[in-house]
Amino acid sequence: MKKRGTAFFVAFIMLICVIFPVAVPVEAAGKMRDITTMELVRDMGIGINLGNTLEACGDWIAEYSDNSQKAYETAWGSPVVTEELIRGYANEGFGVLRIPVAWSNRMSQDGSYKIDEDVMKRVTQIVDWTLDAGMYAIINIHWDNGWVNTFPDNQNECMKRYITMWEQISDNFKNYDDRLMFESQNEELGWESLWNKWAGTNGKPESYALVNEINQTFVDTIRESGGNNRERHLLISGYNAGIDVTCDPVFKMPSDPKNRCAVSVHYYTPPGFAILTEDADWGKAMYTWGTEADFKELNDWMDMMKQNFVDKGIPVIIGEYGCPVEKKDPDSVRLFLSSVCEAVYKRNMCPVLWDTPGGQYDRETFRLTDDKLRENFHKISGFDPSVPQVTATSVTTPPAPVTTTTASEAPIVTTTIVSGIILGDVDNNGSVTSTDLVKLMEAMIGRYELTVHHRKNADMDSDGRISIIDLIILKNILSK
């Protein structure tokens, strides 16, 4: 009876698949997985920023344009973002897209801090495209015309604004699954008006206390917003996103009943290479990078993050790293970006490249502009462009495909293994059998939960989602 019931179930689902040949994402109901934040961050692989786009802001935009959402999106040089542009990031091997946002653009001016409907819709659309492409998405409150900088002088009103904004954002996305992460802020938490780290310790406790309070308020606000936000993985902004000041024991990770928080810092060191294109009063521009001292500096900083956070069970995302290409040695740019990415990734942290229009990713061709850099990134993450994967699983070059056969009570199929992914092994038991076909069918109607690894095995056409196409491919393989 059990076998006949299973056969009937298989036949019924296949009939449904034939009659209704449409893709049905597994996460349609926005299910949260039983996965730690450390596992989730590792599953992201390596990432990239959609920089100078949704966070573009400035009063001049409204003055010299039609004040539309499109005017803001393109104000800093980006073309209008398309689904093809977003999917291109996934095709290039990136597993997470950080989407900086200026939510105050077109915001109501009556003190209610109501986010403009067009802004919310546009962010939602780009998040949807990101998730549909198989990537994780991170959204934050970015610089946002600098209002966060006024916190020390206007704390009550700024905190009201901060809470109100996150209440709206979290409510809009409350049913999204755990591939969407919220980040508390960008780099503005930390104020020289309270404490200048170059001038002693006066004001230091007050500045850190305010940072810690804002981050705790962020967690409390999200957790109270309901839906999947009760369990959403959250990204906590470090002190000014600096490594040394975030590793200071005065910085505290917020209390979270779900224990689902990672910490974010940025890496633009040495600033002479990673920031300056010409000399400034505070530093000299550097044309090259790659000396023994440069590598030691990089590894020392990354060891500091690993020892202070990762080794203590706190996941780390380097939310931004990068350097300009103007007035820089191209080989040094490639070496710097590759080296930072590798140094971060091999310490079980997630590197997210800062990229803007005219940078490393061409927003017209939807490809990285440097073929060698692409190759380096793939070697670091384990991404194989011939067998696209949703996320990275290895820091080394993927092994050549091999075949395997394993004893089972059901028919066994010789299958492909790439970077530890056994395509078709839906139940993740090391073999591909008719049981996997049943599991995939059950997953598509919500009767079987796919873990992170299950999803990779089940994504037969490697398009970043689970659909009827995957079912048909697996069925055809099992029929041979």
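Values in this document were obtained by computation on a predicted structure and should not be read as measured data.
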Task: Y345 six-ring centre to R42 NZ/CZ under 6.0 Å and within 45° of normal - done: yes
Open item on the list: Is there a side-chain contact between W76 and T53 in this structure, where contact means two heavy atoms from C-beta onward sitting under 4.5 Å apart?
Closed with: no
TODO: Would you mind reporting whether L54 and E73 have side-chain heavy atoms less than 4.5 Å apart?
DONE: yes
Open item on the list: Exactly one of Y113, W103, F218 should register a ring pair (Phe, Tyr, Trp, His ring centres under 6.0 Å) with W166. Which one does?
Closed with: F218
- [ ] Kindly give the heavy-atom pair with the smallest separation between L180 and R232, and that separation in Å.
- [x] O-NH1, 3.0 Å
Task: Donor-acceptor under 3.5 Å (E55 side chain, H142 main chain) - done: no
Task: Validation row: T369, Q360 side chains within 4.5 angstrom (heavy atoms) - done: yes
TODO: Give a yes/no verdict on a cation-pi contact between R106 and Y72, requiring under 6.0 Å between NZ or CZ and the six-membered ring centre and an angle within 45° of the axis.
DONE: no
- [ ] Report the relative orientation of the aromatic rings in F295 and W289; use parallel for angles under 30°, tilted for 30 to 60°, perpendicular for over 60°.
- [x] tilted
Open item on the list: Could you check whether any side-chain N or O of N228 sits under 3.5 Å from a backbone N or O of Y176, counting only pairs where one atom can act as donor and the other as acceptor?
Closed with: yes
- [ ] Return yes if some donor-acceptor pair links the side-chain N/O of H233 with the main-chain N/O of R179 below 3.5 Å, else return no.
- [x] no
- [ ] Report, as yes or no, whether the 6.0 Å neighbourhood of atom CZ on R223 holds more than 12 heavy atoms from other residues, nucleotides or ligands.
- [x] yes
Open item on the list: Using 30° and 60° as the class boundaries, would you call the ring planes of F94 and F377 parallel, tilted or perpendicular?
Closed with: perpendicular
- [ ] Start with the C-alpha distance between Y239 and Y208, add both sets of side-chain angles, then the distance that settles ring-ring contact (aromatic ring centres under 6.0 Å, His included), and finish with yes or no.
- [x] CA-CA 8 Å; Y239 191 100; Y208 271 91; 4.2 Å; yes
Task: T221 side chain to E167 backbone, donor-acceptor under 3.5 Å - done: no
- [ ] Please confirm whether the backbone N or O of G200 pairs with a side-chain atom of W195, one donor and one acceptor, at under 3.5 Å?
- [x] yes
Task: Close side-chain approach of V426 to N457, heavy-atom, < 4.5 Å - done: no
Open item on the list: Under a plain distance cut-off of 3.5 Å, with no hydrogens placed, do D153 and S193 share a side-chain donor-acceptor pair?
Closed with: no
Open item on the list: Against I99, only a single residue in V81, N140, T130, I138 fulfils side chain to side chain contact (heavy atoms under 4.5 Å, CB included); can you say which?
Closed with: T130
Open item on the list: Is there a side chain to side chain contact (heavy atoms under 4.5 Å, CB included) between I236 and V219? Walk through the geometry before answering.
Closed with: CA-CA 9 Å; I236 305 305; V219 172; 3.8 Å; yes
TODO: Decide whether R98 and S264 meet the rule of one side-chain donor and one side-chain acceptor closer than 3.5 Å.
DONE: no
